[in-house]
Structure formats: structure tokens, C-alpha cells
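A short worksheet on the structure shown next.
Just so you know, ligand 1 is whichever comes first in the structure, and atom 1 is the first atom listed for that ligand. In this text the structure is predicted, and so the values were computed from the model without any measurement.
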Amino acid sequence: GYVDAPLTPKTFHLGMFEIGRPLGKGKFGRVYLARERTSNFICALKVLYKSEIQHGGGVEKQVRREIEIQSNLRHPNILKLYGHFHDSQRIFLILEFAGKGELYKHLRKENRFPEWKAAQYIAQMAAALRYLHRKHVIHRDIKPENILMGIHGEIKISDFGWSVHAPNNRRQTLCGTLDYLPPEMIKSGSKDNWYTEKVDLWSLGVLTYEFLVGEPPFEDSPLMTHKRIARADMKIPEWVSKEAKDLIKKLLVLDPEKRLPLEEVQQHPWILKHCVKGERRAER
Ligand SMILES: CC(C)NC(=O)[C@H]1CCC[C@H]1Nc1nc(Nc2ccc(C(=O)N(C)C3CCN(C)CC3)cc2)ncc1C(F)(F)F
């Protein structure tokens, strides 16, 4: 639509942008608010130093993949990548500016989300993941830190550095928290890591739990977390509603084939109860 029109030139360069305040630091670089001079289009400019990513052990491939995958995605709950350019030392990603910042900061501040808010976020995540999976893109790194919030409170999946086009059976060394990893990705026995889109269903279950409880279900010492994930050994506090418990239990299933498909997540009673206010208003 028109909104994207301003940032559709074939090539970009730094002079096209007025750089604003820093928004924070990402994994591999800083992010600034920016405005494209001719169109006044507001965006976020992520600056990555080639020196840092060249010796980051395969990080360059991740950045290339992030650009290739994210620039072809268009969904209201997926952060847009409008373009990229580079100079001698840096790579610049021109990204959608998320007006309300990082979801995990809101979660930490509020401790946990009320069920109606968690259900709306999970419904938006399910819609975004359905879109990704239809394009055979697996995100593989769904967690609060990778979700931003738009000006209207809608959530936007970001950071496609770990996403892949399925099927992918190359061994990837994952770093960072174990909390969100599904059993099939931590089981060392399997000769090759055969990831299917189902890994995102497990992470959606972990995300639902963390939105409602305020901490992930298998949080423990790394060794114990490993064991508890492998057994899907979690306890859901009794104050969580039975519908929410039901959805979490249908996603945190060891057998990837038995996890609730995204279409059924969107039709789950817990989601419908909180997300189809439109119908309810019509009834009144
Ligand atoms: C998914 C990925 C892993 N995460 C990231 O990339 C992070 C790393 C650094 C920032 C963020 N990246 C982005 N952030 C925004 N918006 C934004 C961020 C922060 C605030 C905020 O709360 N402050 C400035 C506050 C204001 C108040 N003071 C006190 C603290 C900072 C407000 C809006 N839009 C697009 C991006 C993107 F992704 F395009 F780069």
C-alpha cells in the first residue's frame, strides 16, 4: 500500500536518512530511530559492524538469511524489513519502527499479563506463525525478547536471524536461553537436527505459559532445564484458568506431530473467549 511506497527505491544510502535517538542495542549492533528525508518516513535503522559479524562464527550467514527471509514477508504481526545497504565497515538494515518497543520489557514491568491480553497476543502470534509456516519459514527463536510492540499494542515478531526455510537438517549451534527449545532440538541423540515447523508450536506453548505465569515453564539450572524439557515436566499454577491450561498442555507435547496445529490454536476456547469481541458486541 501507499505506506510502504516511500521506502521502495532500489538502492538506499546513509545520506537518505536523518538519524534520531538510539532505541537500544541488539545482539550485533545498535538501533536508531531514523527518518527518510524525502518522504519523512519513520523507520528503525539497525547498524551492524562487519568486523563483529565476520568473525562471529557464521553470523554473517545469519544476517544474510535474516535479510533474505524478512524482506519477503508482509504481515501485520511481523516486523517489516524495507531494505538494506552497507558502507565499508557497516551493514544497515532499514526496519519497521515499533512504536511501543520491546514486549519483554512490558512483561517484566507488568510481571505477567492478564488472560485477555495474553490470549490476544497468542492469537496474533498464531496468525503470524501460520503466515510464516505457509511460506515454509520456521522462526525457531520465538521468545519475548524477539517480539516488539506496535503503536496500537499489536505485537510484531522480529529477529529472523535463527529462522530457516524448512526442511533444514544442518546442525546449528544455538546460544542463549534453553528455556524455549523444544525436546527435538535439545535431544543430542538424533544424528541430524530435523526441524519441522512444529518447533514453533512448542515455543508458542512456552510463550503462553510465560505470558500468564511471568516465567518460563522449565526454568531451572541448565542441566535441570534440559531434563525437564525432555520430559515436558512442567507444573501450571492452579490459578491459571482451565482453558489456558488446556491450550498450554496441547502445545507442550513431546511428540511434535501431536502438538495442536495453529488453525486449532486460533479456534481454541481460551482464544475465542478473549478475542472475538466483535461477535459479542454484535450480539448486544
Ligand atoms: C527484536 C529484536 C531482538 N530487538 C531489537 O532489535 C531491539 C534492540 C534495540 C531496540 C529494539 N529494536 C527495535 N525497536 C523498535 N522500537 C522501540 C524500541 C525501544 C523503545 C524504548 O522502549 N525505548 C527507546 C525506551 C524509552 C525509555 N528509556 C528510558 C529506555 C528506552 C521504543 C521503541 N523498533 C524497531 C526495532 C528494530 F527491531 F527494528 F530494530
Side-chain angles (χ1 to χ4, degrees), residues 3-4 6-7 12 14 16-36 39-49 52-53 56 59 62-86 90-110 113 121 124-125 128-129 131-132 137-164 172 174-177 179-181 200 203-204 206-207 210-211 216:
V3 176
D4 299 354
L7 287 177
F12 297 96
L14 196 50
M16 293 166 81
F17 299 94
E18 196 183 339
I19 308 298
R21 67 183 171 124
L23 293 172
K25 269 173 62 60
K27 251 181 319 213
F28 295 102
R30 292 177 176 285
V31 178
Y32 299 88
L33 195 56
R35 184 190 9 227
E36 201 277 322
S39 63
N40 283 332
F41 190 79
I42 295 290
C43 55
L45 208 56
K46 191 185 252 187
V47 186
L48 306 162
Y49 281 86
E52 274 178 33
I53 62 174
V59 175
Q62 263 190 38
V63 172
R64 220 184 296 284
R65 196 159 45 214
E66 179 172 355
I67 293 175
E68 188 243 318
I69 288 179
Q70 204 168 350
S71 23
N72 296 313
L73 300 174
R74 304 172 76 74
H75 187 278
N77 299 115
I78 294 175
L79 198 79
K80 282 184 188 56
L81 172 64
Y82 296 109
H84 63 285
F85 56 94
H86 61 94
R90 299 166 293 186
I91 297 174
F92 298 87
L93 303 184
I94 308 162
L95 289 151
E96 177 180 357
F97 169 61
K100 286 200 170 151
E102 301 169 272
L103 184 77
Y104 86 91
K105 286 188 180 171
H106 295 270
L107 179 57
R108 298 289 173 265
K109 199 168 66 191
E110 298 176 39
F113 294 138
Y121 289 161
Q124 292 171 41
M125 287 300 293
L129 286 173
Y131 172 85
L132 283 179
V137 173
I138 314 175
H139 190 282
R140 288 200 315 163
D141 200 9
I142 300 295
K143 57 185 175 187
E145 292 75 3
N146 287 344
I147 302 172
L148 297 173
M149 193 186 287
I151 199 70
H152 304 298
E154 74 282 17
I155 59 172
K156 302 202 174 246
I157 302 184
S158 321
D159 196 6
F160 284 77
W162 280 103
S163 55
V164 288
Q172 317 269 345
L174 285 155
C175 55
T177 171
D179 285 319
Y180 275 75
L181 290 185
D200 288 339
S203 306
L204 188 63
V206 177
L207 193 71
E210 181 163 0
F211 281 175

### Query
Is Arg30 atom CZ crowded by more than 12 heavy atoms from other residues, nucleotides or ligands, each under 6.0 Å away?
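It does not: Arg30 CZ has 12 such atoms or fewer within range.
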
Taking heavy atoms and a distance under 4.0 Å, where does [X] meet ligand 1: side chain, backbone, both or neither?
X      : value
Leu93  : neither
Ala44  : side chain
Ile147 : neither

### Query
Any idea which protein heavy atom is nearest atom 18 (C) of ligand 1, and the distance to it?
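Atom 18 (C) of ligand 1 sits closest to the protein heavy atom Gly101 CA, 3.7 Å.
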
### Task
Check if Arg30 has a non-hydrogen atom at a distance under 4.0 Å from any atom of ligand 1.
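No; Arg30 lies far enough from ligand 1 that no heavy-atom distance drops under 4.0 Å.
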
Side chain [X], main chain [Y], donor-acceptor under 3.5 Å:
X      : Y      : value
Asp200 : His139 : yes
His75  : Leu129 : no
Ser203 : Tyr180 : yes
Asn77  : Lys156 : no
Glu36  : Ser39  : yes
His106 : Met149 : no

Numbering the atoms of ligand 1 from 1, which are under 4.0 Å from a heavy atom of [X]?
X      : value
Glu96  : 34 (N), 35 (C), 39 (F)
Ser158 : 1 (C)
Asn146 : 3 (C)
Leu79  : 37 (C), 38 (F), 39 (F)

### Option nearest atom 23 (N) of ligand 1 (shortest heavy-atom distance, choices Glu102, Gln70, Met149, Arg21)
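Heavy atom nearest to atom 23 (N) of ligand 1 belongs to Arg21.
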
### Ala98 N/O under 3.5 Å from ligand 1 N/O
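It does: an N or O of Ala98 is found under 3.5 Å from an N or O of ligand 1.
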
